[in-house]
Amino acid sequence: MKQIVIAANWKMNTNLNEAIDLVTSLKKLLSSSVKATTIICPPFVYLPEINSILKDSNIYVGAQNMYFEEKGAFTGEISPSMVANFCKFVILGHSERRSIFGESNELINKKVHAALVNDLTPILCVGESQKEREEGLAEKIIHEQLTVGLNQIDNIENVQIAYEPVWAIGTGIAATPELANEIMDGTIKSTLKSLYNDEQVERVPLLYGGSVNSDNIEEYVSMPGINGALVGGASLKSEEFSLIVTKAESVIH
Ligand code: PGA
């Protein structure tokens with residue numbers, strides 16, 4: 001049976017009350033969803049609250065980022081073990097981290113190592129910018145993001161990869177399912193297969209991200225190389241997000 005994973009990236013949105021309302025409502029709406037792995041990634045400060053609301057549910061909690069060091073003089077940072085108290089998953093290398101906060105592939109690789117050591121499943125994000133696509137560099141960029149991001153990672157059984165073309169994030173201009181599949185089933189899978197054995201690679205969930213909503217989710221998960229989605233804007237409304245999860249699940253009925 002095809003694995004389906006739907007992750008919500010709330011980014012820097014919601015106040016505490018809104019976060020509690022959103023997740024309480026999602027818990028109710030998704031109580032019967034069992035086929036998709038559903039992950040909610042709220043801002044750090046809400047993790048304890050969200051984790052306690054979801055602890056008797058079938059919904060997982062994830063963080064949107066973390067630092068790789070375990071402790072020390074890193075003002076403003078959050079360590080992997082702090083995150084692991086409340087989460088099973090962590091988004092790493094999101095394009096906003098790369099472009100706004102200058103995160104390099106090398107730094108992201110250290111975070112991937114630290115996540116795995118702390119039993120967190122990293123959702124490693126890769127994807128090209130509009131300019132890189134126009135210059136014909138998309139495949140090269142993605143190949144590099146994967147090979148450096150996964151450097152010295154021996155086993156990717158506990159890793160997920162999200163393909164998020166930068167030009168599709170928050171723009172309403174989603175990549176066509178065909179284009180997303182071409183990159184995911186093509187570039188991403190072949191890069192992974194050059195690094196790991198085929199069996200291991202086939203078990204790695206590949207998520208598409210960039211303007212996913214309840215109208216287009218089915219087209220993505222129907223593609224052979226796509227297991228689910230990383231959802232930004234459309235994850236901030238409980239009905240819309242739960243519709244995304246249930247529609248994604250309908251593909252494997
Ligand atoms: P979007 O964001 O769904 O709002 O395009 C996706 C993401 O940045 O993960």
Side-chain angles (χ1 to χ4, degrees), residues 4-14 18-19 22-23 26 36-44 46-47 50 59-66 87 89-103 108 111-112 115 121-130 132-133 138 141-142 145-146 149 159-177 179-181 183-184 188 205-221 223 226-248:
I4 300 282
V5 179
I6 305 290
N9 176 10
W10 289 5
K11 308 192 181 184
M12 198 174 72
N13 291 298
T14 70
E18 288 164 350
L22 179 51
V23 85
L26 278 175
T37 301
T38 308
I39 308 160
I40 307 292
C41 306
F44 283 132
Y46 306 145
L47 286 174
I50 302 289
I59 305 172
Y60 294 95
V61 184
Q64 298 173 17
N65 180 34
M66 61 174 210
C87 300
F89 295 84
V90 58
I91 299 171
L92 295 176
H94 188 279
S95 72
E96 287 148 20
R97 299 297 319 168
R98 295 175 187 266
S99 65
I100 305 172
F101 302 99
E103 292 196 7
I108 294 160
K111 295 185 177 194
V112 174
T121 298
I123 303 173
L124 172 63
C125 302
V126 299
E128 80 286 0
S129 67
Q130 177 71 37
E132 288 159 348
R133 171 152 290 274
I141 292 289
I142 293 162
Q145 288 170 334
L146 286 171
V159 173
Q160 303 193 356
I161 306 290
Y163 169 55
E164 297 207 309
V166 180
W167 45 271
I169 297 176
T171 57
I173 306 166
T176 61
L179 185 148
N181 191 68
I183 294 283
M184 296 167 76
I188 294 181
L206 302 183
L207 317 187
Y208 165 75
S211 300
V212 170
N213 56 43
S214 61
D215 291 329
N216 61 22
I217 183 66
E218 280 160 296
E219 297 176 56
Y220 291 109
V221 289
M223 288 285 160
I226 305 182
N227 295 95
L230 179 53
V231 186
S235 72
L236 293 167
K237 292 198 183 91
S238 57
E239 304 222 324
E240 170 69 359
F241 186 69
S242 70
L243 209 52
I244 292 174
V245 175
T246 48
K247 284 193 171 184

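Start at 1 and go down the list; that is how both ligands and their atoms are numbered.
In this structure, Tyr208 and Tyr220 have parallel ring planes: the angle between them is below the 30° cut-off, well short of the 60° mark.
In this structure, ligand 1 sits under 4.0 Å from heavy atoms belonging to Asn9, Lys11, His94, Glu164, Ala168, Ile169, Gly170, Gly210, Ser211, Leu230, Val231, Gly232, Gly233.
Between Ile6 and Phe241, the closest side-chain pair of non-hydrogen atoms falls below 4.5 Å.
Minimum heavy-atom separation, Ala174 to Ala168: CA-CB, 4.2 Å. When all heavy atoms are compared, the tightest approach of Trp10 to Asn13 is O-ND2, 2.9 Å.
Applying the 6.0 Å contact sphere to CZ of Phe44 captures more than 12 heavy atoms from other residues, nucleotides or ligands.
One side chain, Glu164 or His94, offers a donor N or O that lies under 3.5 Å from an acceptor on the other.
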